[in-house]
Asker: 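I have a structure I would like to understand better, so I am pasting it below and will then ask my questions one at a time.
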Amino acid sequence: MIRIALASQTDIAGWREAARKLLLAGVIPARVEFNIGTETLFDEGDPIPPPGDRKPVISKELLGDIQTALLHSDPERFALGYRIVFRAQTQPKIHQNPADPDMHILRALAKSVRRDIHKMHAFVRFRKVGEEDGRESFVSWFEPEHHITEAVAKFFQNRFTGMNWLIVTPEASIAWDGKKLEVGPGGQKSDVPQEDAVESEWKTYYASIFNPARLKTKAMMAEMPAKYWKNLPEAALIPGLTREAEARMNAMIDNASPDGENAPAIAVKETQAPAHASGGFDGLKPLYEALRAANDWPREDFSDRLVPGEGPEDARMMFVGEQPGDQEDQAGRPFVGPAGQLLDRAFAAAQIDRGEAYVTNAVKRFKFVQRGKRRIHSKPSNDDIEYYRWWLEQERQVVEPQVIVALGATAVRALTGKTLTISRNRSQLIDYIGSSKLLITVHPSYLLRLPDGAGQKVEFEKLVRDLSLAKSALPA
Ligand code: URA
């Protein structure tokens with residue numbers, strides 16, 4: 001076996017040199033193995049035989065395709081390349097035969113590499129890191145699928161000649177300082193700054209140019225596969241923008257209507273009073289006494305403890321969550337656990353004083369499944385929600401808030417009797433009972449479940465925006 005040691009994953013010059021010698025010596029592909037770097041140290045294999053007198057011939061076009069395919073991450077690519085150039089010596093038209101299995105694979109590899117290059121051209125985003133001698137310096141992190149980093153360097157040099165830049169990938173880094181293009185070792189995502197002022201401007205710009213009427217999710221996904229999203233600052237906005245697109249489009253249509261009376265309204269489904277209660281409570285205390293005394297509540301999987309709403313009886317804003325969690329159940333107070341802490345931060349950012357607001361839950365007891373020592377949250381059923389719905393309405397009638405914020409789908413169902421899509425109905429002041437307004441937004445625990453920091457940040461900002469909008473509806 002002849003073992004060819006290539007210097008690196010992108011040692012195409014080394015492959016060409018070896019392939020030329022092998023062809024000259026007429027070595028059949030089955031006798032050749034290609035290895036990268038040190039993999040061959042302990043067994044150097046047979047030497048390449050001396051050259052014959054037939055000069056190898058390879059068309060430029062075929063060589064171009066092979067060189068592109070050699071940037072693929074497939075470990076078999078170097079062997080495939082040699083097999084094809086070897087066969088091309090006796091089948092000069094191999095390149096034009098679409099049915100040839102080797103050519104079929106080669107074309108697929110080259111196509112995938114070209115696509116990766118295109119993605120890198122399009123989706124590298126620079127973050128400003130400073131300025132040196134009047135030249136701004138930018139860095140970017142990108143994770144290509146194939147070994148293309150060096151191959152794209154020229155493109156970025158031509159595109160961003162006027163600035164200093166460094167692009168770091170796991171395998172290699174490339175840099176331009178206005179004079180020379182350099183290739184260096186790879187790095188880690190943590191080497192590259194994640195946030196800066198330029199990025200927030202970029203996000204705002206991206207959100208503003210995002211035209212919902214033109215949004216075609218499928219086409220967008222095809223152009224920007226999800227695996228690239230994580231390194232794009234604007235990608236954190238995309239799920240939200242996508243979800244909002246329809247609502248925004250409807251809003252555009254609504255705004256174009258001639259009468260201008262566009263405040264959406266909601267018809268609330270009637271609730272049924274339980275047989276033992278008649279409503280008309282003249283305070284939260286008697287209301288909760290009656291609720292505690294009721295013994296027809298759904299018990300299966302529920303804690304016995306009732307967690308009442310909290311806040312002034314004359315609060316102008318009312319916030320409705322889903323149900324108490326483990327910590328709320330233990331404390332006997334709503335929103336004191338992780339979701340509550342996040343909500344508190346959002347309140348602070350929206351300048352809402354929690355002490356002046358009324359905070360409650362659609363379902364007043366904790367539903368859970370026991371796993372060892374842990375009590376795991378279990379979603380309330382529609383029947384559970386229905387049971388407490390009448391009580392929630394009594395609560396609303398006592399407090400008489402001017403603005404009600406539904407945090408998540410359970411709250412929406414409890415307040416309207418309907419299953420409404422949050423994404424389609426959020427972020428609007430909806431005409432609710434009497435002269436009150438209802439604003440639908442996400443539940444804070446939705447943010448806690450989001451995997452990455454950037455997405456959480458954007459969603460947090462949207463939640464704060466929603467809370468600020470709700471607050472703005474309060475009469476001065
Ligand atoms: N989630 C809720 O919906 N309510 C709470 O009180 C706590 C977490």
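Please read all numbers here as calculations on a predicted model, not as lab measurements. Both ligands and their constituent atoms are indexed starting at 1 by order of listing.
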Asker: Without swapping roles, check the side chain of Glu328 against the backbone of Arg333 for a donor-acceptor pair under 3.5 Å.
Answerer: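 Absent.
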Asker: Look at atom CZ of Arg299 and say whether more than 12 heavy atoms of other residues, nucleotides or ligands are closer to it than 6.0 Å.
Answerer: yes
Asker: Would you kindly say whether Gln330 and Asp326 are connected by a side-chain donor-acceptor distance under 3.5 Å?
Answerer: yes
Asker: When you look at CZ of Arg305, are more than 12 heavy atoms from neighbouring residues, nucleotides or ligands closer to it than 6.0 Å?
Answerer: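 Counting other residues, nucleotides and ligands, CZ of Arg305 exceeds 12 neighbours.
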Asker: Would you tabulate the polar-atom pairs, meaning N/O of ligand 1 against N/O of the protein, with distances under 3.5 Å, reported to 0.1 Å?
Answerer:
from	atom 1	to	atom 2	distance (Å)
ligand 1	1 (N)	Gln323	O	3.4
ligand 1	1 (N)	His443	NE2	3.3
ligand 1	3 (O)	Glu322	N	2.7
ligand 1	3 (O)	Gln323	N	3.4
ligand 1	3 (O)	Gln323	O	3.4
ligand 1	3 (O)	Asn361	OD1	3.3
ligand 1	3 (O)	His443	NE2	2.6
ligand 1	4 (N)	Gln323	O	2.9
ligand 1	4 (N)	Asn361	OD1	2.7
ligand 1	6 (O)	Phe335	N	2.8
ligand 1	6 (O)	Asn361	ND2	3.0

Asker: For the pair His121 and Phe155, evaluate ring-ring contact (aromatic ring centres under 6.0 Å, His included) and give the outcome as yes or no after the intermediate values.
Answerer: CA-CA 8 Å; His121 289 171; Phe155 168 87; 3.5 Å; yes
Asker: With a 6.0 Å cut-off on ring centres, are Phe160 and Phe126 close enough?
Answerer: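 Aromatic pair counts; centres sit under 6.0 Å.
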